[in-house]
Amino acid sequence: MNVMNFRLLTAGAAGVLVLAGAANTVEAASSSSDSLRALGAQVQLRIGTAASPLDLSDPTLSQITAGQFSVLTPENEMKWQVVEPQQGTFDWTGADNLVHFAEMHEQRVRGHTLVWHNQLPNWLTQGVASGAISNSQLRDLLHRHITTEVRRFRGRIWQWDVVNEMLTDSNPSQINPNDFWVSHLGPGVIADAFRWARAADRTALLCYNDYNIAGEDGSNAKFDAAFSMVQNILAQGVPIDCVGDQGHLDLQYGFNPGVMTQDLQQYASLGLKVAITEADVRTFVETTDSKQTPIVSPTDSTPSHTADPAAADWYNGMLQSCLTVQACISFTVWGFDDSESWVPGTFHGEGDADLYDVNLNPKPQYTALQQTLSLAAGAPNRLGRNENH
Ligand code: 9MR
């Protein structure tokens, strides 16, 4: 797809919804001129969120999903484990619903994700572990998986996260030799996956997606590894169009938006588009139990203390990096509310990572993004984002 045309086409459309029979509330929210999607449209930047099935069906959540965002990423519904739970038996319900919802609300879709070590179906991992699936059969299965899924949504996906999280977190970083796919099929699987995806959809933008690849690791080691990997596969003529930096930040570590800007610009210098694909900023959360004893609970992310203003700053830093880099085509948060966040279940005692609190009130993190977009809309040329983008 020609991204430039895409942006020109979509910029004006984001605030306007034509939705026969759909809830008026959605229409009202979507056409609000101070929504993130409307403000982003003014600077040709699509603002997205990961969405769960609940985000599409619950009246309040779906109003925010449609009203604030112009790109959706299925949080789990396009992962192999979900779409092919038994070998040869497909369940596209969640994926179909999300794509349909997005089209109804003038949103684009980031497909996520085709090649990842995680959330693979049991029949596949068990088959490999027992030797019932040989490496050459595994390669055929991956080829078929990519072809089936990409073809099914051909023409309806804006960006595909073709390959996800293939690099080590070490310094120096490298393609992970122990990754499920690399260890069985060799590092050439990365290039193959992009070729197979391109064969199945000539128009979707094909991305490599990972965390800490735009300076968030402090050392920039993971950026170096990602940069040389994409440079390498580009030199082989592999069809890769974009790099997605996830942007999962944690207030206990450092974050330098200047480095992020520089790194995104470096990917762009290879002729690639870039995107922030899974932004959130987590922190330790203190809560109190019924006896007012301070506890740290992995399941309750309601902070009892005043939110750390750094979280809003860091969200802002990531957005500004994206705004500054002309090639940055979307800024996506990994879910918008603390009640559904993946963070408390993964990082013990952490939470408070999203734009809205558990009661769906917008937090300073939301306001920060809104203000930055507003300012950018008032001075788009200073940020290098003009109508010709
Ligand atoms: O948010 C997703 C969560 O619901 C799943 O349980 C988890 C399984 O690993 O995956 C989460 O999403 C991940 C995304 O697909 C890839 N980048 C990291 C995200 C957070 O773990």
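If you're wondering where the values come from, they're calculated on a predicted model, not measured in any experiment. Numbering of ligands and ligand atoms starts at 1, following listing order.
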For [X] and [Y], take the angle between the two ring planes, folded into 0 to 90°, and tell me which bin it lands in: parallel under 30, tilted 30 to 60, perpendicular over 60.
X: Trp342; Y: Phe347; value: perpendicular
X: Phe153; Y: Trp92; value: perpendicular
X: Trp116; Y: His112; value: tilted

Please could you name the atoms of ligand 1 that [X] approaches to less than 4.0 Å, counting only its heavy atoms?
X: Glu165; result: 16 (C), 17 (N), 18 (C)
X: Gln246; result: 17 (N), 18 (C)
X: His248; result: 18 (C), 19 (C)
X: Asn118; result: 9 (O)
X: Asn164; result: 16 (C)

Touching ligand 1 at all, Trp334? Heavy atoms, strictly under 4.0 Å?
-> yes
To check your reading of the model: name the closest protein heavy atom to [atom], its residue, and the distance in Å.
atom: atom 4 (O) of ligand 1; value: Asn76 ND2, 3.0 Å
atom: atom 2 (C) of ligand 1; value: Glu75 OE2, 3.4 Å
atom: atom 7 (C) of ligand 1; value: Gln119 OE1, 3.8 Å
atom: atom 14 (C) of ligand 1; value: His112 NE2, 3.4 Å
atom: atom 10 (O) of ligand 1; value: Lys79 NZ, 3.3 Å
atom: atom 18 (C) of ligand 1; value: Glu278 OE1, 3.2 Å

Under 6.0 Å between the ring centres of Tyr366 and Tyr315?
-> no
Side chain to side chain contact (heavy atoms under 4.5 Å, CB included) partner of His248, the single match among Asn212, Thr346, Asp280, Val281 | Asp280
Check whether any side-chain heavy atom of Trp314 sits under 4.5 Å from a side-chain heavy atom of Asp308, and report yes or no.
-> no
To the nearest 0.5 Å, what is the distance between OG (Ser330) and CZ (Phe69)?
-> 12.5 Å
What's the verdict on side chain to side chain contact (heavy atoms under 4.5 Å, CB included) for Ile276 and Met260, showing C-alpha distance, side-chain angles and the deciding distance?
-> CA-CA 10 Å; Ile276 302 294; Met260 178 174 269; 4.1 Å; yes
